[in-house]
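Notes to accompany the following structure.
What you see is a predicted model, and the numbers here were worked out from it, not measured in a lab. All heavy atoms count here, side chains included; hydrogens, waters and symmetry mates do not.
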Amino acid sequence: MKIGKNNVVELCYELTVDGEVVDKTTKERPLDYIHGTGMLLEKFEKNIEGLEPGGKFSFTLTPAEGYGEVDPNRIIDLPKEAFEVNGQVQEDLLVPGTTVPLLNGRGQVIPGKVLEVSEKFVKMDLNSPMAGKTLNFAGEIVSVREATEKELKEGLHGENVHQCGCGDGCHDGGCHGHGEGCCHDGEGHGHGEGCCHGKENK
């Protein structure tokens, strides 16, 4: 079966950026997703559409085709109170270089990188770690099958049913959305969380 809309696809890939491998999946732990539903980057899907199991791919995405350029408007100052859990600021999370899961206005979890910490504010970078980067993908299709009606309705892993609802608890690192960002925190693959995942809806 060739990859087409509403097919469940399993694939393994290796992503190279600036000459270094920054993310990869294996045949034993492939990335899986439903093709044509916006789960992965649009150009990634177009480059593998029509391939069959065993088919190999290799292509490059420009920043515009990937995660865009670095947007200075996504570097923001948040009050320290935003990081309170049970009335206490989670100081151990507020270390420059640390990635913290945050809720946006739509209830989606997005990773934010701590840049600076002052007495009252925390400067966060909400750009994707891959913003401004040229993405070089190479890999192989593992399997292709038709998605079931349940998968199309509820999501491949039930993500359309089980929405994040942890409220303020999202600042404690206990809640992660499916497929936010790229290489964001080293979470397991096979759940649509790879580097080729689609951009956050704006």
Side-chain angles (χ1 to χ4, degrees), residues 1-15 17 22-53 55-68 101-111 126-131 133 135-165 170 175-202:
M1 176 181 289
K2 294 183 179 181
I3 295 176
K5 186 171 176 60
N6 293 337
N7 286 160
V8 174
V9 180
E10 289 186 323
L11 59 87
C12 56
Y13 71 89
E14 190 170 87
L15 171 60
V17 176
V22 297
D23 191 37
K24 65 180 180 179
T25 64
T26 64
K27 288 183 179 180
E28 292 72 30
R29 294 191 66 194
L31 168 71
D32 59 352
Y33 74 101
I34 300 176
H35 194 80
T37 58
M39 292 181 68
L40 303 192
L41 291 169
E42 181 181 358
K43 288 291 186 178
F44 187 101
E45 291 198 9
K46 285 186 176 180
N47 273 282
I48 65 172
E49 191 158 331
L51 293 179
E52 298 178 285
K56 298 184 186 300
F57 57 86
S58 178
F59 56 87
T60 296
L61 300 185
T62 65
E65 295 170 329
Y67 293 90
L102 302 171
L103 276 178
N104 67 10
R106 299 177 200 79
Q108 298 170 315
V109 181
I110 58 173
L126 304 185
N127 285 286
S128 165
M130 290 294 107
K133 303 291 186 180
L135 312 176
N136 303 288
F137 287 100
E140 182 178 343
I141 307 303
V142 176
S143 69
V144 183
R145 67 171 174 82
E146 292 286 347
T148 65
E149 289 298 323
K150 182 177 181 180
E151 288 170 334
L152 290 174
K153 180 180 179 181
E154 299 182 3
L156 189 56
H157 300 283
E159 59 269 20
N160 296 338
V161 176
H162 305 292
Q163 298 294 329
C164 172
C170 277
C175 181
H176 298 278
H178 283 270
E180 283 294 339
C182 170
C183 308
H184 58 293
D185 57 7
E187 290 196 21
H189 296 287
H191 295 278
E193 297 180 15
C195 275
C196 43
H197 198 282
K199 301 176 187 176
E200 173 199 357
N201 294 325
K202 295 183 180 179

For E159 and H157, which heavy atoms make the closest approach, and how far apart are they?
->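 Looks like OE1-N, 2.8 Å.
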Can you find a heavy atom in the side chain of [X] that is under 4.5 Å from one in the side chain of [Y]?
X    : Y   : answer
V144 : V8  : no
E45  : H35 : yes
N136 : V17 : no
F44  : L11 : yes
L135 : L41 : yes

If I take atom [atom1] from residue [X] and atom [atom2] from residue [Y], how far apart are they, to the nearest 0.5 angstrom?
X   : Y    : atom1 : atom2 : value
E65 : K46  : CD    : NZ    : 9.5 Å
F59 : N47  : CZ    : CG    : 4.5 Å
L40 : L31  : CG    : CG    : 5.5 Å
E52 : S143 : CD    : OG    : 13.0 Å
E10 : L156 : CD    : CG    : 8.5 Å
I34 : E151 : CD1   : CD    : 5.5 Å

Is it true that E146 and K5 make a salt bridge, defined as a side-chain N closer than 4.0 Å to a carboxylate O?
->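 Looking at K5 together with E146, the answer is no, because their closest N to O distance does not fall below 4.0 Å.
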Is the shortest distance from a Lys or Arg side-chain nitrogen in K56 or E140 to a carboxylate oxygen in the other one below 4.0 Å?
->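 Counted as a salt bridge, because a side-chain N and a carboxylate O are separated by less than 4.0 Å.
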Identify, with sequence neighbours excluded, every residue that meets salt bridge (charged side-chain N to carboxylate O under 4.0 Å, His left out) alongside K153.
->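 Salt bridge (charged side-chain N to carboxylate O under 4.0 Å, His left out) list for K153, sorted by chain: empty.
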Where do F137 and F57 land on the ring pair (Phe, Tyr, Trp, His ring centres under 6.0 Å) test, with the steps shown first?
-> CA-CA 8 Å; F137 287 100; F57 57 86; 7.7 Å; no
Can you list the steps and then say if D32 with V9 is a side-chain contact (heavy atoms from CB on, under 4.5 Å)?
-> CA-CA 5 Å; D32 59 352; V9 180; over 6 Å; no
Could you please spell out the steps behind the side-chain hydrogen bond (donor to acceptor under 3.5 Å, both in side chains) verdict for D23 and Y13?
-> CA-CA 8 Å; D23 191 37; Y13 71 89; 2.6 Å; yes
